[in-house]
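Remarks on the structure that follows.
Note that these values count all heavy atoms, side chains included, but never hydrogens, waters or copies made by symmetry.
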Amino acid sequence: MSSTLQRATTTEAVKRPGRWLALSVLVLAVLLVAVDATVLGLATPYISEDLRPSGTQLLWIGDVYSFVIAGLLVTMGSLGDRIGRKRILLGGATAFGAISVLNAYASTPESMILARALLGVAGATLMPATLALIRNLFHDPRERSLAVGVWGATASAGTAVGPIVGGFLLEHFWWGSVFLINLPVMAVLVLVGIRLLPESKNPNPGPWDLISVVLSLVGMIAVVYAVKEAATHGFSWDALGTGVLGGAALYWFVRRQLTLRAPLLDMRLFRNRGFSGAVLADLLTILGLSGLVFFLSQYLQLVQGRRPFEAGLAELPAAVGAVAAGLVAGRAARRFSVRAVVSGGLAAVGLALAALTLIDESTGYPLLGAALLVVGVGAGFSFTVTADVILSSVPKEQAGAASAVSETAYELGAALGIALLGTIVTGVYRGFTAPAGTPAGAHESLGGAVEAAAGMPAGTGQAMLTSARAAFVDGLGMASGVGAAVLLATAAAAWYLLRGQRLQGAEPHPAADC
């Protein structure tokens with residue numbers, strides 16, 4: 001009798017009532033971030049035409065959000081553990097919606113860069129809080145795997161919804177409207193979240209160390225900035241000095257965490273090989289993918305001449321594949337093994353990127369669509385399982401900090417990917433042969449070349465544009481090749497680092513773990 005009562009009590013504690021409704025609120029926050037990230041790529045040609053940014057400014061518009069969010073994620077994740085994840089999530093969502101208005105009405109490249117940076121501050125509060133709340137809502141391992149799959153699938157769905165809705169808006173309204181779609185999502189999230197989300201935090205968090213906050217922020221931003229500057233402009237003493245400063249700050253940050261009674265980030269988490277392997281896999285995967293994602297919308301619109309809405313639909317297979325894979329990833333990892341699913345997914349993405357090195361201006365959609373579908377499936381398997389591994393590796397009291405590490409890897413990879421792979425595309429593009437009289441702005445970006453061609457004699461403008469498009473495609477193919485190499489190497493590393501790693505509730509698979 002007593003054992004039956006104990007089992008019932010345990011089940012009730014594990015399966016919190018209303019947890020699935022609460023999850024629906026959390027995925028709205030994920031949708032908010034995913035939609036914002038994808039619509040920027042579609043809006044880039046219009047922003048280029050209206051604000052006339054230089055090539056460097058255009059890259060800053062694309063990656064400053066990731067730079068800032070990467071610098072603040074650990075801080076915000078730890079802050080959520082201390083003051084409450086629900087509180088920081090709802091506050092961040094409100095700020096995210098308000099700052100979206102600043103993005104929509106930016107009138108200069110500088111104001112757009114500033115608005116994107118402020119959006120990064122608000123965005124840093126969202127993703128760690130959502131994953132941490134999932135860790136505390138779902139104590140049953142199999143239910144948590146499904147919840148993480150829904151979380152990842154929603155992020156992927158946002159990459160589909162964003163381009164389609166954004167493409168429709170760009171065809172009927174001005175480019176700023178793509179940022180205003182954040183407002184209704186934010187409003188629903190806040191109003192419903194107040195009622196449905198339970199508050200959770202670390203009951204014994206200890207003091208919040210401001211020195212660690214500053215070191216984390218300075219170190220992360222300085223290192224990423226140095227890499228970006230070196231990749232964009234070549235080696236310089238300024239880039240070297242900034243990189244050394246960032247490295248010293250991060251070294252001091254790590255040393256300080258090891259001595260604090262209540263660290264901002266418990267560095268002992270990295271002693272877990274599964275945790276470290278999952279974080280590294282996320283970072284390198286996004287690094288290999290992000291340059292392609294950022295420039296693919298420009299290829300579809302400015303090279304192949306698709307309308308924004310059509311370009312959004314063209315990217316749909318990646319999201320469909322990721323949604324489908326994310327929902328079954330946990331089950332697949334339990335049946336086979338974590339490393340088989342993660343490494344297999346990464347290898348599939350690498351091979352799909354390798355296929356994209358063959359594209360030219362007239363490449364048919366079957367190749368593009370098939371490659372994007374494989375990218376989506378592989379990424380859906382990999383990211384869902386690594387997120388589950390990261391959450392399962394830590395006590396629930398540290399869920400915010402652990403989630404922040406996962407998201408930091410994601411955002412840092414995105415920033416570095418855009419900087420490094422984007423530099424490859426830009427560097428190849430700038431070397432195209434142009435007719436006499438071509439404006440200098442045509443060499444800054446493909447959007448600038450399209451605009452310059454409109455003011456040139458028809459024959460000369462068309463010749464210049466043909467050369468510019470060919471150079472852009474050459475750069476995109478080269479970046480895809482580098483991305484493929486990174487993904488295949490990451491697949492091999494994950495196979496080693498995730499050896500023996502299993503999700504909670506899974507049976508051992510000796511053959512897969514050898």
Side-chain angles (χ1 to χ4, degrees), residues 22-40 64-103 115-137 147-148 150-159 161-162 179 181-194 196-201 217 282 286 383 387 390-391 399-412 414-415:
L23 177 65
S24 68
V25 178
L26 297 179
V27 298
L28 280 178
V30 178
L31 190 67
L32 192 73
V33 176
V35 167
D36 179 80
T38 52
V39 296
L40 178 66
V64 70
Y65 172 85
S66 295
F67 283 9
V68 173
I69 205 172
L72 286 175
L73 276 167
V74 170
T75 295
M76 294 301 185
S78 177
L79 183 62
D81 286 342
R82 284 165 166 77
I83 70 172
R85 293 143 190 157
K86 174 181 177 179
R87 179 180 300 175
I88 199 167
L89 174 68
L90 298 183
T94 302
F96 198 93
I99 296 169
S100 294
V101 177
L102 297 180
N103 282 258
R116 295 294 296 170
L118 293 174
L119 201 65
V121 176
T125 66
L126 299 180
M127 299 299 275
T130 58
L131 266 180
L133 284 165
I134 286 175
R135 175 68 176 85
N136 283 270
L137 280 169
V148 171
V150 172
W151 177 87
T154 304
S156 301
T159 65
V161 172
F179 297 105
I181 60 177
N182 292 335
L183 298 180
V185 179
M186 176 275 296
V188 173
L189 188 161
V190 172
L191 294 175
V192 179
I194 289 173
L196 288 182
L197 286 178
E199 184 59 279
S200 70
K201 58 183 177 181
L217 181 63
D282 284 353
I286 289 298
F383 287 134
I390 288 167
L391 283 184
S403 301
V405 172
S406 172
E407 294 303 318
T408 299
Y410 187 99
E411 296 299 338
L412 180 59

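Taking both residues in full, the closest heavy atoms of Asp282 and Phe383 are given as OD1-CD2, 3.4 Å, listed atom of the first, atom of the second, then distance. Shown here for Val68 and Ala117, the closest heavy-atom pair between the two residues is CG1-O, 3.5 Å. Nearest heavy-atom pair across Thr125 and Gly92 is OG1-CA, 3.0 Å. Closest approach of Ala122 and Ile99 over heavy atoms only: CB-CD1, 4.2 Å.
Distance check, rounded to the nearest 0.5 Å: CG of Leu89 to CG of Leu189 gives 5.5 Å. Interatomic distance, CG of Leu191 versus CE of Met186, reported as 8.5 Å (0.5 Å rounding).
With sequence neighbours excluded, the residues forming a side-chain hydrogen bond (donor to acceptor under 3.5 Å, both in side chains) with Thr130 are Trp151, listed by chain and number. With sequence neighbours left out, Asn103 forms a side-chain hydrogen bond (donor to acceptor under 3.5 Å, both in side chains) with no residue at all.
In summary, of the residues considered (Leu126, Val150, Ile134), a side chain to side chain contact (heavy atoms under 4.5 Å, CB included) with Leu26 occurs for Ile134 alone.
Between Leu183 and Val101, the closest side-chain pair of non-hydrogen atoms falls below 4.5 Å.
A donor-acceptor distance shorter than 3.5 angstrom exists from the side chain of Thr94 to the backbone of Leu90, with no hydrogens or angles considered.
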